[in-house]
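Scroll down for the structure; my scribbles are underneath it.
All residue numbers in this chain count up from 1 along the given sequence.
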Amino acid sequence: MYTFSSRLKIASIVLMVVGALGLGYGFLTMPTSVEEAKAMVASHDDGHGGSHGEAHTGTDSHGEHDASHDEHLLHQLQNKPWAALYVAAFFFFMIALGTLAFYAVQRASQAGWSPLLFRVMEGITAYLVPGGIIVFVILVLSVMHMNHLFVWMDAEVVAHDKLLLGKAGYLNPIFFLVRAAIFLGGWILYREYSRKLSIKQDESNDNSSFKLNFKISAGFLVFYLVSESMMSWDWIMSVDPHWFSTLFGWYVFASMFVSGITVIAMVTIYLKSKNYLPDVNDSHIHDLAKFMFGISIFWTYLWFSQFMLIWYSNIPEEVTYFVSRIEDYKLPFFGMVVMNFVFPFLILMNSDYKRINWFVIMAGIVILAGHYIDVFNMIMPATVGDQWYIGIPEIGAILFFAGLFIFWVFRALGTVPLQPKRNPFIEESRHFHY
């Protein structure tokens with residue numbers, strides 16, 4: 001039975017405290033008036049060579065246009081700590097949700113290699129509850145106009161926008177929250193029930209719990225594919241409500257799937273190094289690394305398909321999404337392609353390297369950082385525009401949610417034995433060799 005070490009517990013709590021202080025600083029220092037916002041941009045430009053905000057600080061012959069620019073600038077700077085909070089909250093929630101999808105696939109396919117890793121996956125998906133609640137609270141606060149993350153939630157903006165008026169049947173605050181509650185409820189319900197059946201199987205005399213788990217996992221995957229796509233439209237794509245992509249649900253899925261698999265590999269390697277998973281061998285790590293490699297290629301295929309088709313067709317409503325990112329987010333936009341494709345492709349292509357634990361950990365850290373930047377790229381341009389930089393609020397949010405994630409996952413891992421006993425495929429998993 002795994003014991004949650006006091007050292008790891010203290011480290012996770014320290015991360016949460018430091019992260020909370022960083023986030024608090026972001027909220028305390030955000031501007032409350034247009035004058036404060038302009039002063040902040042001016043001081044920031046002095047220190048950074050005037051790379052940001054020049055479009056908003058210049059005088060304009062049209063006073064009304066100038067005032068609207070100033071108001072827009074204020075909203076962008078007020079969004080900064082909110083966007084930092086939202087990006088980190090969604091990113092760590094996405095890891096747990098990607099792990100849940102991988103777990104359900106293993107259950108539904110009755111895979112023989114992976115049962116030894118089921119408890120690790122169940123531990124990681126425990127984060128769905130606190131992570132999901134935090135994301136939902138941020139969405140509720142957005143509906144209550146505590147921030148300007150979702151421009152379509154502003155009735156005045158919608159009234160003067162034909163396109164948003166046309167989408168008002170779907171993009172309305174109450175329906176938005178109802179959908180979010182259904183998605184979260186479905187994901188958490190499956191996770192809790194599947195884990196209950198998984199533990200029950202250990203003590204039973206037959207395979208009825210295993211068979212039921214197989215059936216509900218197959219059914220859940222249908223719900224997941226629909227709900228995950230809709231969630232990606234609601235929670236991410238709707239921050240850019242004038243833009244859409246029919247590939248977007250798959251694109252977000254690939255990001256969360258590879259992030260979840262990466263964390264499974266990293267947690268497994270950590271537990272194995274502490275002698276808690278004696279039957280897990282290099283072939284299990286090799287298979288996880290193969291998935292990390294394969295889904296990184298799949299993510300790149302979707303990224304390029306979305307980018308190339310929109311860029312080539314050059315339709316103004318669609319291409320503006322990429323124009324804003326290439327103009328204002330050049331480093332993170334192209335940097336994440338290197339981190340999410342080029343690096344794992346070169347590092348994990350060799351079959352032997354997939355068995356070297358520190359190599360897999362190194363690749364995993366870069367992949368996770370790359371997919372954080374991917375989420376950053378999806379949210380920030382529409383919410384903070386060219387006022388972005390990775391500062392104290394962004395780092396604070398990452399530290400806070402990393403601490404919460406580590407605390408919750410490793411606490412969950414310590415509640416039941418790490419090795420299933422009566423899974424029908426446990427012997428196949430134990431003797432799995434590639």
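Residues F298 and A254 come closest through the heavy atom pair CD2-CB, 3.8 Å. For the pair F223 and G186, the tightest heavy-atom approach, listed with the atom from each and the gap, is CE2-CA, 3.6 Å. Closest non-hydrogen pair, S109 versus Q106, comes out as OG-O, 3.4 Å. Contact between I261 and L288 at its shortest, heavy atoms only, is CG2-O, 3.7 Å. The minimum heavy-atom distance linking N377 with P332 is given by the pair ND2-O, 3.1 Å. Counting all heavy atoms, side chain and backbone alike, G370 lies closest to M336 at O-CB, 3.8 Å.
Looking only at side-chain heavy atoms (C-beta outward), L171 and F175 stay at 4.5 Å or farther from each other. The closest side-chain heavy-atom distance from L164 to H242 is below 4.5 Å. Here the side chains of L177 and L139 are in contact, with some heavy-atom distance below 4.5 Å. Side-chain atoms of Q306 and W250, non-hydrogen and from C-beta on, never get closer than 4.5 Å to each other. Side chains of F400 and V17 form no contact here, defined as non-hydrogen atoms less than 4.5 Å apart. Residues N340 and S296 form no side-chain contact, since every pair of their non-hydrogen atoms from C-beta on lies 4.5 Å or further apart. When side chains are defined from C-beta on, F376 counts as touching E394, because their heavy atoms get closer than 4.5 Å. By the 4.5 Å heavy-atom criterion applied to side chains, S227 and I182 are not counted as neighbours.
Ring orientation note: the planes of F91 and Y372 are nearly perpendicular, at an angle over 60° on the 30°/60° scale. The aromatic rings of W235 and F93 sit tilted relative to each other, their planes meeting at an angle between 30° and 60°.
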Starting from the C-alpha separation in whole Å, work towards a yes-or-no answer on side chain to side chain contact (heavy atoms under 4.5 Å, CB included) for L149 and Y86. CA-CA 9 Å; L149 294 177; Y86 187 52; 4.2 Å; yes
Evaluate the criterion side-chain hydrogen bond (donor to acceptor under 3.5 Å, both in side chains) for residue pair E122 and Y103; output intermediate values, then yes/no. CA-CA 8 Å; E122 289 163 11; Y103 175 76; 2.8 Å; yes
Using ring pair (Phe, Tyr, Trp, His ring centres under 6.0 Å), reason through F253 and F257 one step at a time and then give a plain yes or no. CA-CA 6 Å; F253 162 74; F257 205 50; 4.9 Å; yes
Evaluate F220 against K215 for side chain to side chain contact (heavy atoms under 4.5 Å, CB included), listing each step before the verdict. CA-CA 9 Å; F220 168 74; K215 289 175 184 172; over 6 Å; no
Apply side chain to side chain contact (heavy atoms under 4.5 Å, CB included) to the pair L413 and V267, showing each step before the final yes or no. CA-CA 10 Å; L413 287 169; V267 172; 4.0 Å; yes
Run the numbers on Y312 and V319 for side chain to side chain contact (heavy atoms under 4.5 Å, CB included), then give the verdict. CA-CA 9 Å; Y312 184 74; V319 82; over 6 Å; no
Derivation of the ring pair (Phe, Tyr, Trp, His ring centres under 6.0 Å) call for Y190 and Y224: CA-CA 10 Å; Y190 165 73; Y224 172 83; 9.4 Å; no
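Under the side-chain contact (heavy atoms from CB on, under 4.5 Å) rule, S142 has a single partner from N147, V137, V239, which is N147.
Close placement of the Y270 and F410 rings is indicated, their centers lying within 6.0 Å of each other. In this structure, W311 has its ring center at least 6.0 angstrom away from the ring center of F322. Ring pair H284/F432: centre-to-centre distance below 6.0 Å. Aromatic ring centres of F345 and F341 lie closer together than 6.0 Å. Side-chain rings of W303 and F307 approach one another, their centers coming within less than 6.0 Å. For H371 and W299, the ring centers are positioned less than 6.0 Å apart.
Atoms CZ and CG, from R119 and L271 in turn, are 13.5 Å apart once rounded to the nearest 0.5 Å. To the nearest 0.5 Å, the span separating CH2 on W187 from CG on L128 amounts to 8.5 Å. Distance check, rounded to the nearest 0.5 Å: CD1 of I264 to CD1 of I124 gives 5.0 Å. Rounding to the nearest 0.5 Å places CZ of R195 at 13.0 Å from CZ of F118. Of the inter-residue distances, the one linking M230 atom CE with D234 atom CG reads 6.5 Å to the nearest 0.5 angstrom. For the atom pair CD1 (I133) and CD1 (I138), the distance works out to 12.5 Å, reported to the nearest 0.5 Å.
Here the side chain of K80 pairs no donor or acceptor atom with the backbone of V384 at under 3.5 angstrom. Counting only distance, with no hydrogens or angles, the side chain of S229 and the backbone of V226 share no donor-acceptor pair below 3.5 Å. For K272 (side chain) and T268 (main-chain N/O), no donor-acceptor pair under 3.5 Å exists by modelled atom type. The closest donor-acceptor contact from the side chain of S313 to the backbone of I310 lies under 3.5 Å. Although no hydrogens or angles enter the test, the distance criterion places no donor-acceptor pair under 3.5 Å between the side chain of S259 and the main chain of I95. Checking side-chain atoms of Y329 against main-chain N and O of G385 turns up a donor-acceptor pair under 3.5 Å. At least one donor-acceptor pair closer than 3.5 Å links the side chain of N79 to the backbone N or O of T383.
Comment: D240 engages R325 in a salt bridge, judged by a side-chain N to carboxylate O separation of less than 4.0 angstrom.
In the displayed structure, Y25 atom OH is contacted under 6.0 Å by at most 12 heavy atoms of other residues, nucleotides or ligands. Residue-environment remark: CZ (F304) stays at or below the threshold of 12 foreign heavy atoms within 6.0 Å. Around atom CE of M144, no more than 12 heavy atoms belonging to other residues, nucleotides or ligands sit under 6.0 Å away. Atom CZ of F136 has more than 12 heavy atoms from other residues, nucleotides or ligands within 6.0 Å. Within a 6.0 Å radius of CZ in F244, no more than 12 heavy atoms belonging to other residues, nucleotides or ligands are found. Taking a 6.0 Å sphere around CE of M362, one finds it holds more than 12 heavy atoms contributed by other residues, nucleotides or ligands. Around atom OH of Y193, no more than 12 heavy atoms belonging to other residues, nucleotides or ligands sit under 6.0 Å away.
In summary, the side chains of S198 and R107 do present a donor paired with an acceptor at a separation below 3.5 Å, with no hydrogens or angles considered. In summary, the side chains of D154 and H145 do not present any donor paired with an acceptor at a separation below 3.5 Å, with no hydrogens or angles considered. Side-chain N/O atoms of W233 and S238 include no donor and acceptor closer than 3.5 Å. There is no side-chain donor-acceptor pair under 3.5 Å between T320 and W243.
Identified under the salt bridge (Lys or Arg N to Asp or Glu O under 4.0 Å) test for residues 354-376, with sequence neighbours left out: none.
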